[in-house]
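All values derive from a computational prediction rather than experimental measurement.
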Amino acid sequence: MTTVHVLFIGAGRMARAMIAGIRRRQNPIHWDITVANHQDSARLTELTTTFHVRAQKDWTAAAEQADIILLAMPPAAHQTVLATLSHHVLPHQLVASVAAGIGVSGLASKLPEGTQCAWLMPNIAAAVGESMTLCTFGDTVTADNREKLGEILRGLGQYHVCTEMQVHHLTAITGSAPAFAFQFAEALEQAATALATDEATARLLVGQMLLGSAKLLLSGRPPEQLTDEVATPGGATAAGLSVLTQAQFKTRVIDAIEATNQRARALAPET
């Protein structure tokens, strides 16, 4: 059995979701995981107890032993960590970040020339193994390291390899838009409880409706066709759609995506 040493620098929600995903995977790889976080010792204790990982406050000792180094901390923390990591990273290692705005180019600019770099953008559904993760690789990443990282990402759900620029543009769709979906769900739940049922039942009704709708989308039929199948001309659904059309619902969603992208560009650290 192949052993792959993984170092997480950062122990927040995304690190936890990724570790859970690694542990869910049944494959011929033994994942030897170390987590470092110098601020939240309680989180390290929880991770070691739940997932049987090693915990360290000083990650530099573990860095040179790792095959994959995953930077799972906020964008603002990357400059300091990368400055230190540049003195420890080795040619065979893969360094990957899950922070918004960083980019492969941002990692590569702070690390020795030729360092293997990747940029990952999972979403909140990684916690339940249903993420739609965007992923981009630097030119120097080997096929072996691509496959190892792919094994990790498959534990989170689906993943899509694209260009760095596509990740910048599409993270609003895959990473931020779940919050828009939750707002939609909240409105539907409020309508359900106001009209006919309790909160728990409303959550079940709305959640299953969204799940079934998502599966229909993934079947390959375009959303406009599915809309027509639900809405009979002049019927009750058509009346509801008319309200959304008058409110320019689709235009407002596109505006929200653009606002998200603009803010992400403003928050991205300078490289």
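Side-chain atoms of Glu164 and Ser105 form a donor-acceptor pair, as typed in the model, at a separation below 3.5 Å. Between the side chains of His5 and Asp67, no donor-acceptor pair is found at a separation under 3.5 Å. Side-chain N/O atoms of Glu189 and Thr193 include no donor and acceptor closer than 3.5 Å. With no hydrogens or angles considered, no side-chain donor-acceptor pair links His30 and Thr2 at under 3.5 Å.
More than 12 heavy-atom neighbours from other residues, nucleotides or ligands sit within 6.0 angstrom of CD on Gln166. The 12-atom threshold is not exceeded at CZ of Arg203, counting heavy atoms of other residues, nucleotides or ligands nearer than 6.0 Å. Counting non-hydrogen atoms of other residues, nucleotides and ligands closer than 6.0 Å to CG of Asp58 gives a total above 12. Counted within 6.0 Å of CZ on Arg24, heavy atoms from surrounding residues, nucleotides or ligands total more than 12; the atom is thus considered enclosed. Residue Leu188 places its CG atom among more than 12 non-hydrogen atoms of other residues, nucleotides or ligands, all under 6.0 Å distant. Annotation for Gln158: atom CD does not count as buried by contact number, only 12 or fewer foreign heavy atoms lying within 6.0 Å. Within 6.0 Å of the CD atom in Glu113, the count of heavy atoms belonging to other residues, nucleotides or ligands does not exceed 12.
Cys135 is not listed as a side-chain neighbour of Cys162, based on a closest heavy-atom distance of 4.5 Å or more. Considering only heavy atoms from C-beta on, Leu120 stays 4.5 Å or farther from Leu134 through its side chain.
Two different hydrophobic clusters hold Ile173 and Met14 under the rule that ILVMFWY side chains link at heavy-atom gaps under 4.5 Å.
At least one donor-acceptor pair closer than 3.5 Å links the side chain of Gln93 to the backbone N or O of Leu90. Distance alone, capped at 3.5 Å, places no donor-acceptor pair between the Thr115 side chain and the Leu111 backbone. Remark: the backbone N or O of Ala77 is not paired with any side-chain donor or acceptor of Thr80 at under 3.5 angstrom. Panel note: side chain Thr48, backbone Arg54; no donor-acceptor pair is recorded below 3.5 Å. Formation of a donor-acceptor pair under 3.5 Å by the Thr201 side chain with backbone atoms of Asp198 is not found in this model. In this structure, the side chain of Thr142 engages the main chain of Asn145 through a donor-acceptor pair within 3.5 Å.
Heavy atoms only, all atoms of each residue included: Asn261 and Ala172 are closest at OD1-CB, 3.4 Å. Across all non-hydrogen atoms, the minimal contact from Ala63 to Leu85 is CB-CD1, 4.4 Å. Between Asn123 and Thr174, the closest heavy-atom pair is ND2-O, 2.9 Å. Taking both residues in full, the closest heavy atoms of Thr140 and Gly114 are given as OG1-O, 3.2 Å, listed atom of the first, atom of the second, then distance. Considering all non-hydrogen atoms of both residues, Cys117 and Leu107 come closest at SG-CB, 3.9 Å.
Taking the six-membered ring where the residue is Trp, the centroids of Trp119 and His168 are separated by under 6.0 Å.
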Salt bridge (Lys or Arg N to Asp or Glu O under 4.0 Å) assessment of Arg154 paired with Glu151
CA-CA 5 Å; Arg154 280 188 280 272; Glu151 283 295 328; 3.0 Å; yes

Residues Glu258, Arg252; criterion salt bridge (Lys or Arg N to Asp or Glu O under 4.0 Å); working and verdict:
CA-CA 10 Å; Glu258 179 55 31; Arg252 296 287 79 82; over 6 Å; no

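In this structure, Phe249 and Phe184 have tilted ring planes: the angle between them lies in the 30° to 60° band.
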